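Below you'll find the structure, written out as structure tokens, and then a few comments.
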Amino acid sequence: MHIVLEAAGDGGVRATGLDESDEPRFTEEFPRGRLPEWVAAHADGPRWVWDDTARWYPRLLDAGVRVERCTDLRLCHAVLRRALATARSRLATAEPNGWDRLETQGPDDGGLFRIGDETAQLDAVAEFRLQREAVAQADGGRLGLLLAAESAGALIAAELTFAGVPWRADVHDRILTGMLGPRPAPGMRPARLAELLGELRERFGSPDLNPDSPPELLRGLRRAGISVSSTRSWELKRVEHPGIPALLEYKKLSRLASANGWQWLDSWVRDGRFTPVYVPGGVVTGRWASNGGGALQLPAQVRDAVRADDGWKLIVADAAQLEPRVLAGLSGDLAMARAAQGADLYSGMVESGAVQTREQAKYGMLGAMYGGTRGESGRMVPRLGKAYPRALGLVEAAARAGERGESVSSLLGRSSPRPGTTWPALGDVDDQAEADERERRARSDNRAWGRFTRNFVVQSTAAEWALCWMAALRNRLWTLGSGTLRERPHLAFFLHDEVLVHSPAGLADEVAEHVRQTAAEAGRLLFGAFPIEFPVTVSVVDSYADAK
DNA sequence: GACCACCGCGCG
DNA sequence: AAAGCGCGCGGTGGTC
């Protein structure tokens with residue numbers, strides 16, 4: 001059973017129930033204030049269909065209503081418009097319409113039903129039927145599963161924001177004070193930074209050196225006789241000069257102060273929770289992005305501020321070597337799957353004799369998946385190609401396809417965008433040097449796009465695995481404990497291949513077991529009987545900083 | 001003052 | 001130790 005929810009006139013909601021053949025069985029209109037109770041009354045688990053989860057679900061959550069499953073038409077539309085498997089469908093061949101321009105909105109910007117003229121005209125029932133038709137006709141991929149996973153991700157994202165990351169502002173402040181000195185007056189430099197500034201100005205003999213400005217800093221360093229091409233830390237680390245340690249520490253600490261300092265704390269932490277906004281499908285590969293607060297870049301330095309509530313625990317779970325394992329499954333490479341049978345894939349590669357050291361295995365795999373050509377990484381790729389021809393062959397083929405300007409697809413059928421078509425006409429260049437330069441640029445752009453498509457097949461399939469893992473885990477967590485979402489064990493944070501569950505202490509071990517089981521379940525869902533394992537490292541802790 | 005490109009660096 | 005992929009964000013310094 002599907003129930004489509006749409007905005008109706010006068011701030012009302014129209015609900016259309018569809019049967020197994022997607023034929024309307026009922027239509028009902030009611031005021032939007034009644035939405036939570038109306039949804040709650042349909043507890044038999046229909047799949048709710050709506051334009052944008054971020055616009056509908058937060059209000060339901062606020063009213064204490066959780067839904068089991070949904071179809072997020074905006075996200076699904078984006079997948080189907082681009083997927084190779086649905087390229088010939090009516091949905092994909094139509095001119096771009098409102099669904100392509102529909103931007104996700106939170107419940108706060110524009111309100112649930114004041115969503116602009118264009119959006120108000122979108123017909124969710126018609127769009128839903130077009131999507132179903134496209135999926136039914138698809139000649140490849142497993143798009144039904146992908147759309148379900150994508151939509152489950154949208155529910156999870158809203159629930160993560162609703163729950164928030166448990167955050168101890170007092171601990172965060174203690175960390176900052178320990179590293180930077182006490183909180184300075186607004187606009188003032190923290191004491192430790194002021195001290196370092198004085199020191200490095202003295203050591204570089206440059207009383208007004210400004211390390212906050214890369215161009216100025218570069219000039220200052222050159223005046224001091226240091227020849228570097230940039231002011232990046234890794235380049236400065238190679239320089240022997242008495243001022244360098246102070247400069248590096250200054251850069252490190254000023255980064256902490258500006259990105260995750262007291263200002264950040266004031267802006268993003270309220271009532272013991274950090275509540276980031278996640279953007280499911282925000283990355284071309286299907287990974288999530290985030291909006292504000294830098295949720296996906298929380299530095300290790302401040303993770304100790306993430307603390308379970310009293311009587312609760314954090315269950316921190318990290319999928320070990322997710323991308324290479326995904327590549328083994330995607331390519332059906334039995335030799336690589338065998339190397340992955342222990343807890344550590346890279347050691348398994350060494351034991352099988354493919355390479356000599358764990359480091360070689362690790363950097364070689366990175367090179368294979370990212371398109372590395374230089375250094376240790378580039379040297380190892382051919383060796384891995386001999387040991388794992390199927391796996392390496394798959395990423396090579398993806399790179400060649402990208403260089404030819406073709407799309408590539410994930411396991412479930414998410415397809416990459418086509419490269420931008422900025423080919424200059426050959427005829428309009430009469431200068432040979434100019435023509436050569438363009439030729440060189442074009443080749444370099446092609447190779448860069450090949451590295452993108454090479455990585456796309458792995459990163460996007462890994463994102464699918466992670467969605468399946470989380471969706472299964474979300475369902476299990478709901479069956480533990482009782483009460484509202486925040487009273488039961490619930491997902492509190494997600495970072496590509498890592499999840500954090502906040503749980504009453506008494507249920508923590510049970511949660512840990514479910515985390516492991518659902519990881520295995522996600523592997524079977526994607527790769528069937530193919531023998532590739534997805535071990536997760538699970539820690540039950542009070543502080544995020546104590547994980548693993 | 002608003003906007004934008006670039007740098008540098010945090011995360012996976 | 002960095003390189004090859006994907007991001008977001010704060011600061012600077014340029015343009016309009």
Side-chain angles (χ1 to χ4, degrees), chain A residues 189 210-219 228-239 247-248 250-261 263-264 267-268 276-303 318-324 326-327 359-360 362-381 384 395-396 398-399 402 408 410 414 416-417 444 447-463 465-466 493-500 544:
Chain A
R189 225 182 278 270
N210 176 16
D212 297 327
S213 164
E216 267 190 59
L217 178 58
L218 196 57
R219 281 194 293 274
V228 281
S229 64
S230 75
T231 62
R232 295 187 192 109
S233 290
W234 64 262
E235 198 176 347
L236 296 177
K237 273 179 197 143
R238 299 171 169 172
V239 176
L247 177 56
L248 290 173
Y250 180 93
K251 283 164 80 77
K252 189 92 185 155
L253 291 179
S254 76
R255 163 84 192 181
L256 172 67
S258 67
N260 294 97
Q263 291 271 7
W264 182 92
S267 309
W268 295 103
V277 175
Y278 299 88
V279 187
V283 178
V284 278
T285 57
R287 272 189 176 183
W288 292 9
S290 75
N291 217 325
L296 307 185
Q297 306 141 252
L298 288 179
Q301 288 162 315
V302 303
R303 292 191 179 188
D318 181 309
Q321 302 140 354
L322 177 58
E323 293 196 346
V326 160
L327 176 56
E359 293 295 280
Q360 289 177 343
K362 182 174 171 182
Y363 293 118
M365 282 309 295
L366 283 181
M369 295 185 299
Y370 293 162
T373 55
R374 302 195 292 186
E376 178 82 322
S377 175
R379 276 194 296 279
M380 287 305 123
V381 172
L384 291 175
V395 285
E396 273 305 313
V408 296
S410 69
R414 188 190 303 269
S416 67
S444 157
R447 281 194 303 272
W449 197 261
R451 287 194 299 274
F452 165 63
T453 51
R454 169 194 293 270
N455 184 249
F456 183 96
V457 292
V458 179
Q459 191 181 119
S460 61
T461 306
W465 180 90
F493 191 54
F494 170 54
L495 193 55
H496 308 311
D497 60 359
E498 183 177 340
V499 300
L500 201 152
Y544 192 10

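Model, not experiment: these values are computed from the prediction.
Nucleic acid contact class of Arg255(A) (heavy atoms, under 4.0 Å, all strands): base. Residue Val458(A) is out of contact with every strand shown, counting any heavy-atom pair closer than 4.0 Å. Here Lys252(A) lies in heavy-atom contact (under 4.0 Å) with sugar-phosphate atoms only. Nucleic acid contact class of Ser230(A) (heavy atoms, under 4.0 Å, all strands): sugar-phosphate only. When heavy atoms are screened at a 4.0 angstrom cut-off, Arg447(A) is found touching no nucleic acid atom at all. Nucleic acid contact class of Phe456(A) (heavy atoms, under 4.0 Å, all strands): none. Contacts of Glu216(A) with the nucleic acid, taken as non-hydrogen atoms under 4.0 Å apart, involve only primed sugar atoms and P, OP1 or OP2. Residue contacts shown for Thr285(A) are absent, as no nucleic acid heavy atom lies under 4.0 Å away.
Along DNA chain B, read 5' to 3', the first and last nucleotides having any atom under 4.0 Å from a heavy atom of chain A are dC7(B) to dG12(B). Protein chain A touches strand DNA chain C; the 5'-most and 3'-most nucleotides with an atom under 4.0 angstrom of its non-hydrogen atoms are dA2(C) to dG13(C).
Salt bridge status for Arg219(A) with Glu216(A): absent, with no side-chain N to carboxylate O gap under 4.0 Å.
A heavy-atom distance below 4.0 Å to DNA chain B is reached by these residues of residues 287-302 of chain A, ordered by number: Arg287(A), Leu296(A), Gln297(A), Leu298(A), Pro299(A), Ala300(A).
Shown here, dG11(C) is classed anti by the O4'-C1'-N9-C4 or O4'-C1'-N1-C2 angle, which is more than 90° from 0.
The two residues Pro211(A) and Leu217(A) make their nearest non-hydrogen contact at O-CD2, 4.0 Å.
Base pairing in DNA chain C yields stems of at least 3 consecutive Watson-Crick or G-U pairs, both distances under 3.5 Å, namely B:1-12 with C:5-16.
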Review point. Going through the checks in order, is the salt bridge (Lys or Arg N to Asp or Glu O under 4.0 Å) test met by Lys362(A) and Glu359(A)?
Key: CA-CA 5 Å; Lys362(A) 182 174 171 182; Glu359(A) 293 295 280; 5.1 Å; no
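Tyr363(A) pairs by the side chain to side chain donor-acceptor pair (under 3.5 Å) definition with nothing, not counting sequence neighbours. In this structure, the side chain to side chain donor-acceptor pair (under 3.5 Å) partners of Ser230(A), at least two apart in sequence or on a different chain, are Glu235(A).
Distance CG/Leu327(A) to CE/Met369(A): 7.0 Å, rounded to 0.5 Å.
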